[in-house]
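Here's the structure, in structure tokens; my notes come after.
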Amino acid sequence: MLPAGILRETVVIEQESTTRNDLGETVATWTTFTTRRAMVEAISYSEQERRKQIGGIGTYTVRMRYVPGLTGKMRLRWSSRSNRILYIAGVIEQNNREEHELTCDEKAT
């Protein structure tokens with residue numbers, strides 16, 4: 001079980017949904033699935049140059065209490081850090097479904 005004292009960050013888990021606009025085009029939007037307290041820990045950051053622009057990829061580990069229905073197709077909005085978007089790369093259930101450990105990537109520009 002995760003002790004409450006280490007869950008210092010607020011993350012919003014969002015899922016993608018599609019709607020149709022007035023012209024019949026498919027529009028992808030992100031809606032809130034749930035808001036949770038979590039521990040976010042930076043693992044690595046790498047920069048690369050593409051097309052004369054420098055961009056980076058940050059990798060994070062996010063630990064939180066178990067969220068039923070959480071999938072890798074969702075994303076996290078790390079609201080305590082200027083609304084950073086973290087894309088879920090891996091979901092691990094630990095301790096018999098008491099907690100989740102996520103590997104997330106942030107694609108910085």
Side-chain angles (χ1 to χ4, degrees):
M1 188 71 156
L2 289 171
I6 67 169
L7 304 177
R8 296 184 177 145
E9 307 291 341
T10 300
V11 295
V12 177
I13 300 171
E14 299 177 330
Q15 62 184 358
E16 187 176 24
S17 58
T18 56
T19 58
R20 297 219 178 252
N21 64 12
D22 295 337
L23 299 174
E25 301 168 324
T26 303
V27 178
T29 58
W30 290 92
T31 56
T32 299
F33 180 71
T34 188
T35 302
R36 295 290 168 123
R37 300 293 293 173
M39 180 182 79
V40 180
E41 182 178 37
I43 297 174
S44 67
Y45 181 81
S46 63
E47 286 186 350
Q48 52 191 336
E49 183 178 347
R50 248 187 236 166
R51 297 186 190 113
K52 305 286 184 198
Q53 296 180 352
I54 294 178
I57 297 175
T59 303
Y60 297 85
T61 296
V62 179
R63 291 182 65 196
M64 67 180 74
R65 292 197 173 91
Y66 182 77
V67 180
L70 181 66
T71 68
K73 294 181 180 180
M74 297 177 178
R75 72 179 189 184
L76 273 80
R77 190 164 31 90
W78 185 6
S79 58
S80 62
R81 295 283 182 150
S82 303
N83 281 331
R84 289 182 169 177
I85 303 297
L86 303 180
Y87 296 93
I88 300 173
V91 177
I92 300 171
E93 294 178 11
Q94 292 191 348
N95 300 330
N96 197 21
R97 299 178 79 172
E98 290 181 1
E99 67 182 82
H100 270 123
E101 181 175 313
L102 311 176
T103 303
C104 298
D105 294 327
E106 175 188 24
K107 296 170 180 83
T109 56

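The line from CZ of Arg75 to CD of Gln15 is 11.5 Å long, rounded to the nearest 0.5 Å. Separation of atoms OG1 (Thr34) and CD (Glu14) is listed at 11.5 Å; rounding is to 0.5 Å. Separating the CD1 atom in Ile13 from the CE atom in Met64 is a distance of 4.5 Å, to the nearest 0.5 Å.
Across all non-hydrogen atoms, the minimal contact from Cys104 to Leu86 is CB-CB, 3.7 Å. Smallest separation of non-hydrogen atoms from Val11 and Ala38: CG2-CB, 3.9 Å.
Taking the charged nitrogens against the carboxylate oxygens, Lys73 and Glu16 have no contact shorter than 4.0 Å, which rules out a salt bridge.
A donor-acceptor pair is defined here as one N or O able to donate and one able to accept, closer than 3.5 Å; such a pair exists between the side chain of Arg37 and the backbone of Arg8. Between the side chain of Arg36 and the main chain of Tyr66, a donor-acceptor pair closer than 3.5 Å is present.
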Start with the C-alpha distance between Thr103 and Thr59, add both sets of side-chain angles, then the distance that settles side chain to side chain contact (heavy atoms under 4.5 Å, CB included), and finish with yes or no. CA-CA 7 Å; Thr103 303; Thr59 303; 4.1 Å; yes

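Annotation: side chain of Glu101 is not in contact with side chain of Val62 (no heavy-atom distance under 4.5 Å). Looking at Val91 and Thr71, their side chains never come closer than 4.5 Å, going by heavy atoms from C-beta outward. In this structure the side chain of Leu76 never reaches within 4.5 angstrom of the side chain of Tyr60, judged on heavy atoms. In this structure, the side chains of Arg77 and Thr32 come closer than 4.5 Å at one or more pairs of heavy atoms. Looking at heavy atoms from C-beta onward, Ile88 lies in side-chain contact with Leu70 at the 4.5 angstrom threshold.
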